[in-house]
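Only one structure is covered here, and it is reproduced in the block below.
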Amino acid sequence: MSVIGKPVKRPEAKGLLARSYLPSILKGMWITFRHMIRPKVTMQYPEETWNMPDRYRGLPALVKDDDGRTKCVACFLCQYVCPPKAIHIEAQEITTGVEKGPRVFDINMLRCIMCGYCEEVCPEQAIFLTKEYQTVGLTRESMIYPKEKLLAMGGILPDPIKKWSRLAPPGGATPPAAAPGHGGGAR
Ligand code: SF4
Ligand code: SF4
């Protein structure tokens with residue numbers, strides 16, 4: 001069998017000191033020592049967690065306005081644009097001036113790719129991508145977040161416009177003044 005290529009001659013350690021590997025050992029120990037006295041950059045997760053930057057896009061969540069009203073009007077736009085079909089909405093009629101709201105609003109976090117399309121398309125600013133990045137669960141079912149959990153994650157987003165508070169309810173009666181709990185209880 002013919003030998004392919006040329007054998008490479010390895011450089012030999014010169015001198016007794018080099019052959020004892022002592023300089024290499026000391027060099028390695030010096031690097032270890034330097035790292036011992038440097039500030040630590042590792043984090044004790046999960047006791048410590050990252051404070052994500054403002055522009056980070058994490059799990060999506062629903063929000064209520066400062067009157068406690070669920071802002072989503074179940075228009076289905078986010079369900080329509082969601083690339084992996086992670087959102088499932090079922091609408092219901094409500095009696096607070098707004099035509100309808102979500103009876104069911106689930107997001108399958110196993111599918112969600114945190115693309116932000118739902119936030120972009122929402123006409124009501126009802127859905128936002130939070131900084132939450134911990135997507136863990138023991139079952140597939142527990143990773144499907146229901147409306148109540150999404151609302152708890154999103155919290156309250158103050159609404160300076162409150163267009164639904166000015167909308168006359170069916171029958172032409174005077175629209176109810178915005179008050180705490182307006183609309184929220186009907187959803
Ligand atoms: S962030 Fe993207 S993938 Fe996740 S629910 Fe919204 S549209 Fe769907
Ligand atoms: S979250 Fe926004 S886009 Fe999605 S159904 Fe509700 S109002 Fe429409």
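The figures that follow rest on heavy atoms only: side chains count, while hydrogens, waters and symmetry mates do not. Remember, it's 1-based here, ligands and their atoms both numbered in the order they're listed.
Of the possible polar contacts, none joining the T49 side chain to the Y45 backbone as a donor-acceptor pair under 3.5 Å is found. Judged by distance alone, the side chain of R57 and the main-chain N or O of T130 form no donor-acceptor pair under 3.5 Å. Of the possible polar contacts, one joining the K100 side chain to the A74 backbone as a donor-acceptor pair under 3.5 Å is found. Side chain of E148 to main chain of L150: no donor-acceptor pair is present (N/O by atom type, distance under 3.5 Å, no hydrogens or angles). Side-chain N or O atoms of R103 include none that pairs as donor or acceptor with a backbone N or O of E90 at under 3.5 Å. Although no hydrogens or angles enter the test, the distance criterion places no donor-acceptor pair under 3.5 Å between the side chain of E119 and the main chain of I127. Listed for the N108 side chain is a donor-acceptor partner under 3.5 Å among the backbone atoms of L110. Put simply, the side chain of K147 gets close to the backbone of P102: a donor and an acceptor are under 3.5 Å apart.
In summary, the atoms of ligand 1 found under 4.0 Å from a heavy atom of M114, numbered by their order in the structure, are 1 (S), 4 (Fe). Listed by number with element, the atoms of ligand 1 under 4.0 angstrom from any heavy atom of G116 are 1 (S), 2 (Fe). Atoms of ligand 2 lying under 4.0 Å from any heavy atom of I89, numbered from 1 in the order shown and given with element: 5 (S). Within ligand 1, counting atoms from 1 as listed, the ones closer than 4.0 Å to a heavy atom of P84 are 3 (S). Distances below 4.0 Å separate heavy atoms of C75 from the following atoms of ligand 2: 3 (S), 5 (S), 7 (S), 8 (Fe). Listed by number with element, the atoms of ligand 2 under 4.0 angstrom from any heavy atom of V73 are 6 (Fe), 7 (S). Less than 4.0 angstrom separates some heavy atom of C122 from each of these atoms of ligand 2: 1 (S), 2 (Fe), 3 (S), 7 (S). Below 4.0 Å from some heavy atom of F76 lie the following atoms of ligand 2, by number and element: 5 (S), 8 (Fe).
Of all protein heavy atoms, the one closest to atom 4 (Fe) of ligand 1 is C112 SG, 2.3 Å. Distance from atom 8 (Fe) of ligand 1 to its nearest protein heavy atom, with residue and atom name: C82 SG, 2.3 Å. The closest protein non-hydrogen atom to atom 2 (Fe) of ligand 1 is C115 SG, 2.3 Å.
Here C78 has no heavy atoms under 4.0 Å from ligand 1, in either its backbone or its side chain. Residue V81 does not touch ligand 1, judged by heavy-atom distances below 4.0 Å.
No more than 12 heavy-atom neighbours from other residues, nucleotides or ligands sit within 6.0 angstrom of CG on L16. Under a cut-off of 6.0 angstrom, the local environment of CG in L138 is sparse, with at most 12 non-hydrogen atoms contributed by other residues, nucleotides or ligands.
Note on C72: not counted as a metal contact of atom 8 (Fe) of ligand 2, no N/O/S atom lying under 2.8 Å. For C118, every N, O or S atom stays at 2.8 Å or more from atom 4 (Fe) of ligand 1.
The nearest non-hydrogen atom to atom 3 (S) of ligand 1, considering only I87, L59, I113, comes from I113.
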